[in-house]
Amino acid sequence: MSTPNPTPAARIVRCPTCGGDSIYAPSNSWRPFCGERCRQIDLGAWASESFRVEAAPPTDDSAREQ
């Protein structure tokens, strides 16, 4: 007979914005951030293109194929 899985304990992780403690559990609706303010700061950084994924510029050959 199988027993239902118990609810896992909440983990404490580092907030990506401020570096403070953040509860990583369904009870924290802003996870992995510690709060709404840190989540908004991160979103603003993406929107202002402070965070970018680097990519090599296209070569002439790849531009012609499109």
Colleague: Are Arg31 and Pro26 packed together at the side-chain level, in the sense that at least one heavy-atom pair is separated by less than 4.5 angstrom?
Modeller: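 They are in side-chain contact.
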Colleague: Just verifying a value: how many Å separate Ser29 OG and Glu36 CD, rounded to the nearest 0.5 Å?
Modeller: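 Interatomic distance, Ser29 OG to Glu36 CD, rounded to 0.5 Å: 8.0 Å.
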Colleague: Could you pull out every donor-acceptor pair under 3.5 Å between side chains of residues 11-21 and any protein atom, sequence neighbours left out?
Modeller:
unit_1 : atom_1 : unit_2 : atom_2 : d
Thr17  : OG1    : Cys38  : O      : 3.2

Colleague: To the nearest 0.5 Å, what is the distance between OG on Ser48 and CG on Leu43?
Modeller: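 It is 9.5 Å, given to the nearest 0.5 Å.
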Colleague: Applying ring pair (Phe, Tyr, Trp, His ring centres under 6.0 Å), which residue pairs with at least one partner in residues 10-35 are found, sequence neighbours left out?
Modeller: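 Sorted result for residues 10-35: empty, none.
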